[in-house]
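Encoded as structure tokens, the structure appears first; notes follow it.
Note that ligands are numbered from 1 as they come in the structure, with each ligand's atoms numbered from 1 the same way.
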Amino acid sequence: VSRRPPSELGRASVRAIELYRSNRSQVALDLSDNTNLRGTPPSAVLAARAADGPSVYARYPSHYGDALKRAAALRFGLEPEEVVTGCGSDDVIECAIRAFAEPGDTLSMLWPSFAMLPYFAKTNGLVPRFVELAGPERGYDLDVDALLEGEPRITYLCSPNNPTGTLVPRASIERVLAEAPGLVILDEAYAEFGGPSYVDRVRESGRLLVVRTLSKAYGLAGARAGYALGARGLVDTIEKARGPYKLSGLAERMGAAALERDGAWVASYVAEVREARERLAAWLRERGHAPLPSEANFFFVRIDDAAGRAAWLRERGLGVRPFTALPGLGDGLRISIGPWSVLEPALALLEAGLGSAEQRAAWGGASLGAGEGSAS
Ligand SMILES: *Cc1c(COP(=O)(O)O)cnc(C)c1O
């Protein structure tokens, strides 16, 4: 009997995957991950403080995140049975993939888009197929025929799309809803910041899963509480593949409190971000940059040597997310947008980072002061 070493015991499809990592070293201002730059909303914080009894920690939570299901149902005018929860929306997406496709099936998606999708496709043995984002002359649309070719078991769209911030045009989404043969995952992680929502279509569609998140506008990325909305039959199927207890009792309480009682806090944050989005777009254009039209809380700025620039900025306390050699876009930086008062102290540094090599070499400014940043 030949006994393989530990690194070769895994499934071949999993061994071939590169472990997901992003640079999360400490920075004074982190504009790399689109989380809430004001922090965590007050009712969620209170719910966490109140959750100190043994009933929260010594006992198991509800099977399927029932309090969050009820809160989300109320917020969107649906039934709790039409909401599925998970350990972040990433988990909901992965469970949906596992529930609706067999290994070898195709997952069809727009590209560039959310990087976790090809990752989850591969961990589940699926074959990701990419349809390139069209340029500005075609309104950042996509070829729906190409997307639906070969009858994909799962079709994924993200609108506003990460990392571009652009909307998928309504006509394309409608066509996908009308013609897709399998599950349609529509990721609305950034819908609070702009663009239409399609939540009102989940019941009639029967194959549409609208994914939302509490990690961006709702300021709860660290709590890991996500949810999605879909017809009952979809939700039941995903919950079977998901299994019980994926949402901690603490996350369930914080997420439910935020959805029930922090709406005004979130709305005022979104208003601030949208105002800052206008100002930052103008600021970038004045400096000769052309951010893609964004409905989200970030800009994608096409620029050469994105990785080098991001590393240079990070050394000086500013985190932005580099992308290299994206089809149709090339290199670029994704820069999160927060309230203007948060962005303003970083603008001089950002200007140098986006500037010429000479400008960077001549940069004499101080690094941004040590802030909270993010732990590794
Ligand atoms: C951040 C994000 C999510 C959700 O992340 P969770 O923290 O797992 O809820 C989902 N989709 C996109 C496109 C995102 O950017």
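Within the listing of ligand 1, atoms 8 (O), 9 (O) sit less than 4.0 angstrom from a heavy atom of Gly88. Taking every heavy atom of Phe114 and a limit of under 4.0 angstrom, the matching atoms of ligand 1 come to 2 (C), 3 (C), 10 (C), 11 (N), 12 (C), 13 (C), 14 (C), 15 (O). Counting atoms of ligand 1 from 1 in the listed order, those under 4.0 Å from a heavy atom of Ser215 are 6 (P), 7 (O), 9 (O). Distances below 4.0 Å separate heavy atoms of Cys158 from the following atoms of ligand 1: 13 (C).
In this structure, Arg279 forms no cation-pi arrangement with Trp283, as its terminal cationic atom is not both closer than 6.0 Å to the ring centre and no more than 45° off the ring axis.
For the residues Asp187, Leu214, Thr35, the heavy atom positioned nearest atom 10 (C) of ligand 1 is part of Asp187. Among Glu94, Met116, Lys216, the residue whose heavy atom lies closest to atom 14 (C) of ligand 1 is Lys216.
Nearest to atom 4 (C) of ligand 1 among the protein's heavy atoms is Thr213 OG1, 3.6 Å. The protein non-hydrogen atom at the shortest distance from atom 15 (O) of ligand 1 is Tyr190 OH, 2.6 Å.
Taking a 4.0 Å cut-off on heavy atoms, Arg224 registers as neighbouring ligand 1. The shell of residues lying under 4.0 angstrom from ligand 1, judged by heavy atoms, includes Ala189. In this structure, Ala221 falls outside the shell of residues with a heavy atom less than 4.0 angstrom from ligand 1.
Within the 4.0 Å heavy-atom criterion, both parts of Asp90, backbone and side chain, lie near ligand 1. Residue-level proximity to ligand 1 for Ser89 is carried by backbone and side chain together, each with a heavy atom below 4.0 angstrom.
Side-chain contact check for Arg314 and Ser25: at least one donor-acceptor pair (N or O, by modelled atom type) lies under 3.5 Å. Between the side chains of Thr123 and Arg98, no donor-acceptor pair of N or O atoms lies under 3.5 Å.
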Start with the C-alpha distance between Ser336 and Asn34, add both sets of side-chain angles, then the distance that settles side chain to side chain donor-acceptor pair (under 3.5 Å), and finish with yes or no.
CA-CA 5 Å; Ser336 303; Asn34 310 333; 2.7 Å; yes

Are Tyr190 and Phe298 close enough, and set up right, to give a ring pair (Phe, Tyr, Trp, His ring centres under 6.0 Å), and what steps lead you there?
CA-CA 10 Å; Tyr190 299 98; Phe298 56 83; 5.0 Å; yes

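Sparse packing is recorded around CD of Glu18, with 12 or fewer heavy atoms of other residues, nucleotides or ligands lying under 6.0 Å away. Remark: Glu275 CD is loosely packed, at most 12 non-hydrogen atoms of other residues, nucleotides or ligands lying under 6.0 Å away.
Between Trp363 and Trp312, the angle of the ring planes goes over 60°, which puts this pair in the perpendicular group of the 30/60° scheme. Between Phe76 and Tyr227, the two ring planes are tilted [angle within 30° to 60°].
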